[in-house]
There are 2 protein chains.
Amino acid sequence: MNEPAPQVEPQDSVRNDIPDIVIGRLPIYLRTLKLLMERGSEVTSSQELGDLLGISSAQIRKDLSHFGEFGKQGTGYNIPFLNKQLEKILKVDCVWPVVMVGAGNLGTALASYNGFENRGFRIVALFDSAPEKIGQQLGAITVQPLEEIPVVVRRTHCQVAVLAVPAAAAQAVSALLIESGINSILCYAPITLSVPENVRVEYIDPVIHFQHMTYYLRKGCIEDA
Amino acid sequence: MNEPAPQVEPQDSVRNDIPDIVIGRLPIYLRTLKLLMERGSEVTSSQELGDLLGISSAQIRKDLSHFGEFGKQGTGYNIPFLNKQLEKILKVDCVWPVVMVGAGNLGTALASYNGFENRGFRIVALFDSAPEKIGQQLGAITVQPLEEIPVVVRRTHCQVAVLAVPAAAAQAVSALLIESGINSILCYAPITLSVPENVRVEYIDPVIHFQHMTYYLRKGCIEDA
DNA sequence: CCGCGATTGTACCTGCAATCACAAACGCGG
DNA sequence: CCGCGTTTGTGATTGCAGGTACAATCGCGG
Ligand SMILES: NC(=O)c1ccc[n+]([C@@H]2O[C@H](COP(=O)([O-])OP(=O)(O)OC[C@H]3O[C@@H](n4cnc5c(N)ncnc54)[C@H](O)[C@@H]3O)[C@@H](O)[C@H]2O)c1
Ligand SMILES: NC(=O)c1ccc[n+]([C@@H]2O[C@H](COP(=O)([O-])OP(=O)(O)OC[C@H]3O[C@@H](n4cnc5c(N)ncnc54)[C@H](O)[C@@H]3O)[C@@H](O)[C@H]2O)c1
């Protein structure tokens, strides 16, 4: 469909020497640049960005320098320009299709969330195994049965999926997604998936964050468990 | 303003020399141990845990060794015992009260989520600024106006909050929470908060994960933005 | 046209995180 | 009771992430 396909290399082999941890910070920078754009600023500096994000200016400069020279000495970075460059690097200067499985509480909240589109993503399909959920309309999309996953994933050339099913079902559903062509999964189920090497999984589990926090607190809880 | 509230030790001072990154992995270990317990296993090894989590056995052993000697050579770790030890270390051998602000799509999904309690947390209150949301019933809790935040936080001695309001409101709401005695915030709004040093903020933003993933993908999106 | 404050990009250095490797300890079977 | 396979806990080692420091460059004002 859209093809200035930049020579694609098998994603495992070509890990540009750029560290993954650096890639992980780019979306944060991008998010902050969009905020500054909304505020109408034209330029910023590594110092200002660092202050906003609570990290050092040197780290920001070094991270960006992996990809080119985007700033001007004495001035800083042009915000719309840097924004566009980061979008290109992360390949979000376009909209990616995303499929989701699990039309429960969380899945429906995500499906009706309107904050994806302007950051490069659109949920194009939602699947569930419960017969009573099939056919439900959520915004522009309709809940479909699992059998449709292979069909839809192939038709849309979708590579990214969200998993919002109970933990007990997550492993099996992920296998189905991967068979159908998905290679990137965002998993909300509180479980670590076992997947082939060429599939990337990231996790969101609020309890992990809570438990990290309580380590540093002094005890003051409601009741013993 | 906030006085007899359970005050955190300034987390800088009490930083047992244990690295924060180690603490961050403990909840993952704990989650996996609970899974193994459900499966009825009695013992496990750093090897098995590492395989389940995709990390090295040595790292698991070293992480645990910061807190004591929980295993037995030749045998491994007793699962219920290690589970209990980790719960103690993370202080989740009890239930922590959590307040939440924002009763929108996401907030209501979280409020009705039943996966918090058995991992150490309970959402005890939900606040919103919209008059039409006030009084809504969600499971056991009722949506309250923002004015109640200081009262409720102090009464419950709650230290942990979830922020599920629009990005534009997040900074102001966080200030109100902190004034009221909150010192740990899980922020779902796609924005970096500015908070005092003794307050810990963690973030959940699915788009950050998506954008991290697309860096490694070959382009195949729907349309240019 | 020049000098000055500001800011970048980068070479160098430091420190810590992750891995390696192994002695010590355990269970078991004979 | 001993010897063997297993697994832990930990000192030693490696590798890399982040910080430091500064020369190079820019805009601007005089
Ligand atoms: N709701 C939240 O706020 C929240 C918060 C944190 C984590 N989570 C996690 O997200 C996941 C979903 O949570 P939820 O609250 O939406 O649960 P839910 O029970 O409301 O919804 C789960 C949905 O998945 C569907 N489902 C079950 N098995 C399936 C299968 N094999 N294939 C396809 N669909 C299947 C169910 O029909 C249901 O619609 C869970 O793993 C949960 O632990 C949810
Ligand atoms: N819905 C999702 O799946 C999703 C996904 C990712 C991130 N988020 C983020 O989570 C946050 C909430 O998302 P949502 O979809 O629930 O939005 P929403 O619009 O459905 O709900 C927001 C709620 O916050 C309330 N609110 C607004 N201003 C407030 C204020 N000053 N004080 C208290 N309450 C206020 C509104 O009345 C509303 O009830 C947003 O920042 C959003 O970007 C949501």
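Just so it is clear, the structure is predicted and the values come from calculations on it, not from any experiment.
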* Asked: Any idea which heavy atoms bring B/F81 and B/N78 closest together, and the distance?
  -> N-OD1, 2.9 Å

* Within a reach of under 6.0 Å around NZ of B/K72, are more than 12 heavy atoms found that belong to other residues, nucleotides or ligands? -> no

* Round to a whole Å and report the spacing from CD1 of A/I18 to P of D/dC16. => 15 Å

* **Note, B/Y216 side chain near A/R200 side chain (heavy atom, < 4.5 Å)** => yes

* Structure fact -> In 5'-to-3' order, the base (B), backbone-only (S) or no-contact (-) status of each nucleotide in nucleotides 23-30 of chain D, using a 4.0 angstrom heavy-atom cut-off, is -BBBS---

* Asked: Separation of B/N78 atom CG from C/dG27 atom P, in whole Å?
  -> 13 Å

* Provide, to the nearest angstrom, the distance between the CG atom belonging to A/D20 and the P atom belonging to C/dA17. => 18 Å

* Structure fact -> note: B/I79, atom CD1; D/dT8, atom P; distance rounded to Å ~ 12 Å

* Asked: Among the nucleotides D/dA12, C/dT10, C/dA17, which one has an atom lying closest to any side-chain atom of B/K62?
  -> D/dA12

* Structure fact -> Rounding to 0.5 Å, atoms CG (A/L82) and CD (A/E87) come to a distance of 10.0 Å

* Structure fact -> Which of B/V160, B/V173, B/V162, B/I178 passes side-chain contact (heavy atoms from CB on, under 4.5 Å) with B/I185? Answer is B/I178

* **Whole-Å gap separating P (D/dT10) and CG (B/D63)** => 13 Å

* To do: Quickly work out the B/F70 CZ to C/dC26 C1' distance and round it to whole Å.
  => 19 Å

* Would a distance-only check, ignoring hydrogens and angles, find a side-chain to backbone donor-acceptor pair under 3.5 Å from B/Q159 to A/R218? -> yes

* Asked: Are any non-hydrogen side-chain atoms of A/D205 and B/R31 less than 4.5 angstrom apart?
  -> yes

* Please list residues of residues 27-61 of chain A whose heavy atoms come under 4.0 Å from any atom in DNA chain D, ordered by number; otherwise none. => A/S56, A/A58, A/Q59, A/R61

* Side-chain donor-acceptor contact under 3.5 Å, B/D17 with B/H66 -> no

* **Donor on one side chain, acceptor on other, A/D51 and A/Q47, under 3.5 Å** => yes

* Structure fact -> Of A/I21 and B/S65, the one whose nearest nucleotide on DNA chain D sits closer to the 5' end is B/S65

* Check the distance between C/dT10's P and A/L64's CG and give it to me in whole angstrom. => 11 Å

* Asked: Phosphate oxygens OP1/OP2 of D/dG9: is one of them under 4.0 Å from a side-chain N or O of B/Y77?
  -> yes

* Given atom CG of A/L82 and atom C1' of C/dT7, what is their separation to the nearest angstrom? -> 14 Å

